Amino acid sequence: MSYVVKAGTFISILVVFVSLFYRRQVDDVLKDRINSVLEGLVQVEKQYSVNTRPRVAVGYGACNDLFIDGKELLKYDAVAEKPEHFNDISSLEELLKTYAYFFRHGAAAERYISNDTLFDTIVDIASRIESSHFALGGNAPVMAKRFLMEGCEVLLAAKMTSKLQESLPEGVKVVGGDTKKDDIHLILEYKADEEWGIYRSPRANRFIVHNDDNNPLVSSLEEFGNLLKQFNPNLLVVSGLQMMDNYPYSEGVREQRLTKIRDQMISQSPNTRIHFEMASFAEAELLHHLTQYITPFADSLGMNEQELANLYNIMLYGNISFVSDSNPRVATVLDQMREVFHLISESAVNMENSRQLTRFHVHTLAYQAILTVKDSPWKNSKAAAAKASLTANRHVCGSKEVDIEKAKLIMDDSFSTSVAADSKRVPLNVENPVSCWDEELTGSSGTRLAIEICVAPVLVCTEAYQTAGGGDNISSAGLSLQI
């Protein structure tokens, strides 16, 4: 019997060693694969650089971001077991239910808190938690910082206190006036596989709440406009319009402000390209207004997979998809991009002073997809996709270099270019990881436009340092190589 026991023990130990050896072999293969993708992306990124100093004007707004670990601020309560979406939040119960609604899907969201007392109270509590910290925030300042970092000359439209303005890097010119109090955005972050009560997040992300006064009114718009002609930008970026969501405007005020933004876009020289950066919108009416006043007058669009689904649904069906697949198939995203491109081009046909959409960038957790019209002013699409991909890892991990020990590939080994049965399949070549190909789409005049689509895998950061601002950094980095 003792021989049998010893033999069994030996076999068990042997199985453990074989398993460890096999696991190590698999880990080595995966690391080699990730390293090959990294080297391939860096090689493509380095093919092009910003040799001149493009002039980039970025609007609108700024805020003081207060970062906090979501579970440290919001203690789980049984009311969260019935998650529910609210366009604006007026009570702690609504806050918990809305947080649960997005947390369980790992979906980014930004919501207005209409209850001033509630907002001030939770900000006060959050600011007293040792791990929390303040930082300059808002789509426009974050994008402005990235453009400056990439070698551009930058003009920023934002109303902020002199103290907050000091946190901007030297070289960013700010116009918009001073304010006595900065708007605060409370950013509740969470990690992949993090548990909160009965829920587990499928990916790292953030939930943002605010109670803004300056940003919903786009208060820097007029002063910005006074300098735009003199600055003569190569690129005008329109961003931060999600702050208009659910704000208690007087009758017709929001449409008046959107009309003025549209007029500012129209007033730009034909040589100035215009990019609109999407965000998380809760209000269908506002999103519908954006398709009337903003998207037909932009050359370029940037957004994540959830924002793409929102735009797709509002244009096709007239409603909003609050939560979408956090890791959609490449084929699904590309088909949505083609459809939105077609719908925007079609809607712009009879609009005076509209522009032909010529660039479309969608950034997802797993990959970057950039569509550009061939022979348009946009250049270096392949390098832009690579740079955007690398920036995604660098920003979220909080590092200038990509550490393969903190990276993983979740993009499939191959992908279809469409969900259509006759679509082609593209293998992921780890040594040349950015895949580009040509197609044709219908433009605003009804003519067929030759386009190029480039898809780059993302080395997903496994130890997230900061997710907020990821899309703004990714979009700006990609644009910097295409101006």
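Since this is a predicted model, take the numbers as computed values, not measurements.
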Mind listing the closest non-hydrogen atom pair of [X] and [Y] along with its distance?
X    : Y    : result
G59  : A140 : C-CB, 3.8 Å
A468 : F67  : CB-CE2, 3.6 Å
D65  : G137 : OD2-CA, 3.1 Å
F281 : A279 : CD1-O, 3.1 Å
V209 : F119 : O-CE1, 3.7 Å
V340 : L311 : CG1-CD2, 3.8 Å

With a 4.5 Å limit on heavy-atom distance, are the side chains of [X] and [Y] in contact?
X    : Y    : answer
V402 : R394 : yes
R359 : V373 : no
D335 : T332 : no
D245 : Y112 : no
V460 : L409 : no
Y249 : P216 : yes
N64  : L136 : no

With distance as the sole criterion, is a donor-acceptor pair present between the side chains of [X] and [Y] under 3.5 Å?
X    : Y    : result
Q482 : S381 : yes
E150 : S476 : no
H361 : Q368 : yes
N327 : E305 : no
S280 : Q242 : no
E307 : N310 : no
D212 : H185 : yes
D299 : T358 : no
S114 : S90  : no
T161 : D182 : yes
Y60  : Q264 : yes
D116 : N211 : yes

Could you tell me the separation between the [atom1] atom of [X] and the [atom2] atom of [Y], rounded to the nearest 0.5 Å?
X    : Y    : atom1 : atom2 : value
L236 : L155 : CG    : CG    : 9.5 Å
E339 : L441 : CD    : CG    : 10.0 Å
L227 : K229 : CG    : NZ    : 13.0 Å
I122 : I68  : CD1   : CD1   : 11.0 Å
R128 : L73  : CZ    : CG    : 13.0 Å
I483 : T52  : CD1   : OG1   : 8.5 Å

Okay, side chain of [X], backbone of [Y]: is any donor-acceptor separation there less than 3.5 Å?
X    : Y    : value
R273 : P377 : yes
R55  : F231 : yes
T121 : T117 : yes

Sequence neighbours excluded - salt bridge (charged side-chain N to carboxylate O under 4.0 Å, His left out) pairs with any residue from residues 252-266: E222-R257, E222-K260, R254-E283, R254-E285
Test of ring centre spacing under 6.0 Å for F207 and F103: no
Close aromatic pair by centroid cut-off 6.0 Å: F341 and F360: no
D375 atom CG, neighbour heavy-atom count above 12 within 6.0 Å: no
Flag if over 12 foreign heavy atoms under 6.0 Å of CD, Q43: no
Residues K387 and E45 bridged, charged N to O under 4.0 Å: yes
Lys/Arg-Asp/Glu bridge criterion (N-O < 4.0 Å) met for K374, D438: yes
side-chain contact (heavy atoms from CB on, under 4.5 Å) between I274 and S300, worked out: CA-CA 6 Å; I274 301 174; S300 169; over 6 Å; no
Given N214, N215, I187, the one that forms side chain to side chain contact (heavy atoms under 4.5 Å, CB included) with C63: N215
Worked check of salt bridge (charged side-chain N to carboxylate O under 4.0 Å, His left out) between R338 and E439: CA-CA 10 Å; R338 295 182 186 101; E439 293 184 11; 2.8 Å; yes
